[in-house]
**Q** 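The structure is given below, and queries will be raised subsequently.
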Amino acid sequence: VASARLEKLLMEVGDSAVTEAGKTTNLTAQIQHLTKAHEHFTKLNQLNPENQEAKQKLENVTEQLAEKLTEQARALREKSEAVPEDAKNQNSEKEKLNVQASQSYEKARELTPDNKPLAEEHDAFKKEVADKMTDAAQELADKAQIPPESERKVGELKKQQEGLQKAL
């Protein structure tokens with residue numbers, strides 16, 4: 001009796017969370033509700049693996065949640081690309097958004113490990129970010145090799161001074 005009541009309660013709470021996710025347009029809220037539903041349907045499936053309705057609902061919620069997480073990752077990527085170049089701390093802001101995007105991709109991939117297009121999209125994103133970080137590091141290394149303007153002027157003045165001394 002207790003097991004049946006628990007099953008019914010988990011089903012109701014999971015259904016309620018899916019309904020709430022459908023009522024909002026806020027992506028973060030949708031993900032939160034679908035995550036809650038996923039947890040409840042997972043518990044329900046652990047409690048009674050024979051419950052085909054619960055199994056089907058878990059599959060549906062898993063797919064929806066993976067789609068929303070992928071959507072979130074794409075939105076974070078776009079937001080990262082929109083960070084103005086002249087903004088203070090723009091690199092740290094971009095890195096933060098890229099890390100969040102990668103985390104969303106990873107969660108989606110955990111839910112749907114057989115989704116090859118998602119895996120390819122995430123891998124391409126990671127490569128793109130790594131390439132940008134490599135370029136930025138190379139740019140910093142190149143800048144470090146060039147002496148500051150004041151040092152160049154001092155060097156030029158010393159050369160002129162040596163030339164004048166030779167002429168004297």
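In this text, all values refer to a predicted model and were calculated from it rather than measured experimentally. If you read the sequence from its start, that first residue is 1, and numbering goes on from there.
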**Q** Which heavy atom in H33 sits nearest to a heavy atom in A21, and how many Å separate them?
**A**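 The pair with the smallest heavy-atom distance is CB-CB, 3.6 Å.
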**Q** Measuring from Q103:CD to L76:CG, what's the distance to the nearest 0.5 Å?
**A**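 Result: 9.5 Å between the selected atoms.
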**Q** With salt bridge (charged side-chain N to carboxylate O under 4.0 Å, His left out) as the criterion, how do E53 and K57 come out once you've worked through the C-alpha distance, each side chain's angles and the decisive distance to 0.1 Å?
**A** CA-CA 6 Å; E53 181 184 6; K57 287 185 179 197; 3.5 Å; yes
**Q** Under 3.5 Å, which donor-acceptor pairs do the side chains of residues 61-73 form with other protein atoms, sequence neighbours left out?
**A**
| from | atom 1 | to | atom 2 | distance (Å) |
| --- | --- | --- | --- | --- |
| T62 | OG1 | H38 | NE2 | 3.1 |
| T62 | OG1 | L58 | O | 2.7 |
| K68 | NZ | Q30 | OE1 | 3.2 |
| T70 | OG1 | A66 | O | 2.8 |
| Q72 | OE1 | S104 | OG | 2.8 |

**Q** Any salt bridge (Lys or Arg N to Asp or Glu O under 4.0 Å) involving residues 102-117? Give me the pairs, sequence neighbours left out, ordered by first then second residue.
**A**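 Every salt bridge (Lys or Arg N to Asp or Glu O under 4.0 Å) pair that includes a residue of residues 102-117, provided the two are not neighbours, is R109-D123.
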**Q** Is any side-chain heavy atom of F41 less than 4.5 Å from a side-chain heavy atom of E59?
**A**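 Sidechains of E59 and F41: no contact.
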**Q** Which value, rounded to the nearest 0.5 Å, describes the distance between E93 atom CD and L97 atom CG?
**A**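 Here the rounded value is 4.5 Å.
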**Q** Could you tell me the separation between the NZ atom of K96 and the CG atom of N98, rounded to the nearest 0.5 Å?
**A**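 Spacing of NZ (K96) from CG (N98) equals 12.0 Å.
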**Q** If two hydrophobic side chains count as joined below 4.5 Å and joins carry through other members, does M11 share a cluster with L9?
**A**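 Unlinked, M11 and L9 end up in two clusters.
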**Q** Taking only residues two or more places apart in sequence or in another chain, which ones pass ring pair (Phe, Tyr, Trp, His ring centres under 6.0 Å) with H122?
**A**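 With sequence neighbours excluded, H122 shows a ring pair (Phe, Tyr, Trp, His ring centres under 6.0 Å) to Y105, given in chain and number order.
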**Q** Which heavy atom in S102 sits nearest to a heavy atom in F125, and how many Å separate them?
**A**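 That would be N-CE2, 3.9 Å.
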**Q** Do the side chain of T19 and the main chain of D15 share a donor and acceptor less than 3.5 angstrom apart?
**A**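 Here the side-chain-to-backbone pair exists.
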**Q** Is it true that R77 and E128 have a side-chain N and a carboxylate O under 4.0 angstrom from each other?
**A**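 Yes, charged N to carboxylate O under 4.0 Å.
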**Q** Going through the checks in order, is the salt bridge (charged side-chain N to carboxylate O under 4.0 Å, His left out) test met by R74 and E121?
**A** CA-CA 10 Å; R74 290 176 183 150; E121 181 178 336; 2.6 Å; yes
**Q** Test side-chain contact (heavy atoms from CB on, under 4.5 Å) on Q52 and K55; report intermediate values, then the result.
**A** CA-CA 5 Å; Q52 292 301 315; K55 193 176 287 188; 3.9 Å; yes
**Q** With sequence neighbours excluded, what pairs up with T112 under the side chain to side chain donor-acceptor pair (under 3.5 Å) test?
**A**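 Partners of T112 by the side chain to side chain donor-acceptor pair (under 3.5 Å) criterion come out as none, since no residue qualifies.
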**Q** Could you tell me the separation between the CD atom of Q56 and the CG atom of N51, rounded to the nearest 0.5 Å?
**A**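 The CD atom of Q56 sits 11.5 Å away from the CG atom of N51.
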**Q** Tell me which pairs pass salt bridge (Lys or Arg N to Asp or Glu O under 4.0 Å) where either residue lies in residues 18-40, with sequence neighbours left out.
**A**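 Listed once each, the pairs are E20-K23.
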**Q** I'd like to know if L27 and L111 are part of one continuous hydrophobic network [Ile/Leu/Val/Met/Phe/Trp/Tyr, side-chain heavy atoms within less than 4.5 Å].
**A**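 Result: yes, single cluster for both.
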**Q** Excluding sequence neighbours, so at least two apart, what forms side chain to side chain donor-acceptor pair (under 3.5 Å) with N115?
**A**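 N115 satisfies side chain to side chain donor-acceptor pair (under 3.5 Å) with no other residue.
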**Q** Measure the CG-OG distance between L47 and S3 for me, rounded to the nearest 0.5 Å.
**A**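 L47 atom CG to S3 atom OG measures 4.0 Å (nearest 0.5 Å).
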**Q** Return the minimal non-hydrogen interatomic distance between N45 and A54, and the atom names on each side.
**A**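 Scanning both residues completely, I find the closest heavy atoms to be ND2-O, 3.3 Å.
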